[in-house]
2 protein chains.
Amino acid sequence: MTFSEENYLKTIYHLTSVSDADISTNAIAEKMETKASSVTDMLKKLSEKDLVNYVKYQGVSLTDKGKLAAKMIVRKHRLWECFLVEKLDFSWDEVHDIAEQLEHIKSEKLINKLDDFLGNPTEDPHGDPIPDANGRIIKVEKQLLSEFEKNQIGICVGVKDTSSDFLKYLDKQEIALGSQIEIIEKESFDSSFRIRVGTKEITISNKIASNLYIK
Amino acid sequence: MTFSEENYLKTIYHLTSVSDADISTNAIAEKMETKASSVTDMLKKLSEKDLVNYVKYQGVSLTDKGKLAAKMIVRKHRLWECFLVEKLDFSWDEVHDIAEQLEHIKSEKLINKLDDFLGNPTEDPHGDPIPDANGRIIKVEKQLLSEFEKNQIGICVGVKDTSSDFLKYLDKQEIALGSQIEIIEKESFDSSFRIRVGTKEITISNKIASNLYIK
DNA sequence: AATTTATTTTAGACTTGGCTAAAAATATAT
DNA sequence: ATATATTTTTAGCCAAGTCTAAAATAAATT
């Protein structure tokens with residue numbers, strides 16, 4: 001499988017996890033910052049290889065084979081992210097681009113040994129689940145901070161947006177995975193939140209609250 | 001720089017280290033298992049980028065820029081090999097192909113952090129030197145076992161051939177980096193050697209002796 | 001239901017890196 | 001010095017993956 005094929009599969013996998021319905025050519029093109037015509041070409045190829053179910057003009061979905069392949073790529077991506085953060089001391093906002101390259105390294109033995117070396121983690125540095133060698137995923141109950149009510153208390157277990165900008169903002173506010181967060185007040189006017197993180201009290205916008213997973 | 005360009009640079013670098021003279025198109029083609037015509041095309045491109053000095057029909061050599069680039073690829077390759085052997089517990093005959101992929105990962109920060117994580121090693125698992133971040137290499141005095149005489153004693157510090165077959169043979173004979181080797185007898189007829197490795201006495205062919213570095 | 005708008009596909013072109021076959025240059029041998 | 005052999009380059013073709021522009025289909029609107 002080529003780099004390009006792997007990137008398409010991964011994109012379709014991620015889009016599927018939010019929408020469920022068949023994925024449109026345009027949605028893929030937008031996510032991958034490429035042109036719809038390029039996507040069409042690739043969908044034909046992936047369909048040939050039985051990695052996707054593709055019907056002209058009707059969108060696309062992953063076959064079982066395609067889904068497993070996509071999960072293996074996600075597995076590699078997230079394990080490498082763990083390695084970068086835990087062993088090489090990268091911060092969580094620096095690892096995405098490097099893992100984007102490392103996820104294409106081909107060696108099952110490598111990834112399984114890496115998994116063991118890291119102590120078989122079930123989540124990456126952003127709180128996203130890591131599929132095991134068979135593609136199984138342990139789902140953690142979690143909800144967005146924005147859905148919480150006044151006086152509720154929870155632990156930060158993940159981020160929805162993993163952009164460097166957002167992660168750096170969280171660092172600045174000293175919000176990390178494992179941080180205890182208490183809703184002090186929910187402002188009805190703009191849906192912003194007054195929260196306590198550890199000992200500090202801060203105000204965060206609804207956009208921030210909509211990208212933090214809490215348990 | 002593309003994968004292909006990096007592979008050509010690396011090949012020219014390795015060929016240079018044995019011959020000194022300009023490298024022929026054919027020599028590159030043979031080493032890379034490709035055709036001379038493909039090599040010519042690539043040499044033109046590398047020359048455009050000032051990575052090689054190339055004169056039609058006259059062979060090729062690396063520019064300073066090209067040599068540094070090649071050393072950085074070798075650095076990455078050898079550091080990843082160290083990682084695979086020391087941290088992930090691969091054996092020395094398994095790491096080459098994986099490092100061949102990892103050497104193309106682009107991130108200076110990654111490789112320097114990996115270097116630190118490994119304790120800034122100066123040699124890879126085959127005894128080959130690892131260039132530092134500036135391309136500097138610590139050369140170790142060493143000679144081939146085949147050049148040794150009767151009754152000489154030395155320590156195995158490297159292998160010339162790094163093929164899996166050869167490395168597995170060495171494993172079988174319990175010869176590893178650091179092994180003490182004593183020449184018991186040199187057979188003049190076929191230039192084979194009777195040697196002592198640790199407590200064991202074995203006979204090795206001249207071909208084997210010509211691929212073991214001793215200090 | 002017809003027409004406009006948006007999406008998707010096709011057709012044809014380009015780039016990278018490879019190939020084969022033939023031509024050109026260089027090296028070797030008579 | 002010339003003929004032969006080897007090496008290297010050129011010329012033209014192919015596949016992957018991308019693009020633009022035009023055509024086809026689906027969706028939305030009147």
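In the text below, chain A, chain B and the rest are named by the order of the sequence lines, each starting its count at 1. As a basis for the values below, the full set of heavy atoms in this structure was taken, side chains included, without hydrogen atoms, waters or symmetry mates.
Each of A:Lys10, A:Lys44, A:Lys49 was scored for a salt bridge (Lys or Arg N to Asp or Glu O under 4.0 Å) with A:Glu5, with one residue passing: A:Lys49.
Between B:Phe3 and A:Phe3, the ring planes lie perpendicular to each other; the angle is over 60°, past the 30° to 60° tilted range.
Closest to the side chain of A:Lys44, out of C:dT10, D:dC19, D:dT9, is C:dT10.
A heavy-atom distance below 4.0 Å to DNA chain C is reached by these residues of residues 6-20 of chain B, ordered by number: B:Tyr8.
If you take NZ of A:Lys56 and P of D:dT25, they are 7 Å apart, rounded to a whole angstrom. Between the P atom of C:dT10 and the OH atom of A:Tyr57 lies a distance of 6 Å, rounded to the nearest Å. The distance from atom CG of A:Asn26 to atom P of C:dT7 is 6 Å, rounded to the nearest whole Å. What separates CG of A:Leu46 from P of D:dA16 is a distance of 13 Å, to the nearest Å. When rounded to the nearest whole Å, the span between CE of B:Met42 and P of D:dT8 equals 18 Å. The distance from atom CD of A:Glu30 to atom P of C:dT8 is 11 Å, rounded to the nearest whole Å. Protein atom CD of A:Glu48 is 11 Å distant from nucleotide atom P of D:dA16, rounded to whole Å. When rounded to the nearest whole Å, the span between CG of B:Asp41 and C1' of D:dT9 equals 9 Å.
Judged by distance alone, with hydrogens and angles left aside, B:Thr40 brings no side-chain donor or acceptor close enough to the base of D:dT10 to form a pair under 3.5 Å.
Using modelled atom types and a 3.5 Å distance limit, the side chains of B:Asn134 and B:Arg75 yield no donor-acceptor pair. For B:Asp161 and B:Ser163, the side-chain atoms include at least one donor-acceptor pair closer than 3.5 Å.
Residue B:Ser37 places no side-chain N or O under 4.0 Å from the OP1 or OP2 atom of C:dC19. The side chain of A:Thr34 places no N or O atom within less than 4.0 Å of a non-bridging phosphate oxygen (OP1 or OP2) of D:dT18.
A:Ser4 comes within 4.0 angstrom of sugar-phosphate atoms only, judged by non-hydrogen atoms across all strands, and of no base. Residue-level contact check: B:Thr25 touches the backbone only, with heavy atoms under 4.0 Å from sugar-phosphate atoms and none from bases. Residue A:Tyr54 is in sugar-phosphate contact alone, with no base atom involved, counting any heavy-atom pair closer than 4.0 Å across all strands shown.
Annotation: cation-pi geometry satisfied between B:Lys87 and B:Phe117 (NZ/CZ under 6.0 angstrom from ring centroid, within 45° of ring axis).
In this structure, CG on A:Asp116 lies 10.0 Å from CG on B:Asp89, to the nearest 0.5 angstrom.
Under the 4.0 Å criterion applied to side-chain N and carboxylate O atoms, B:Lys113 and A:Glu94 are not assigned as salt-bridge partners.
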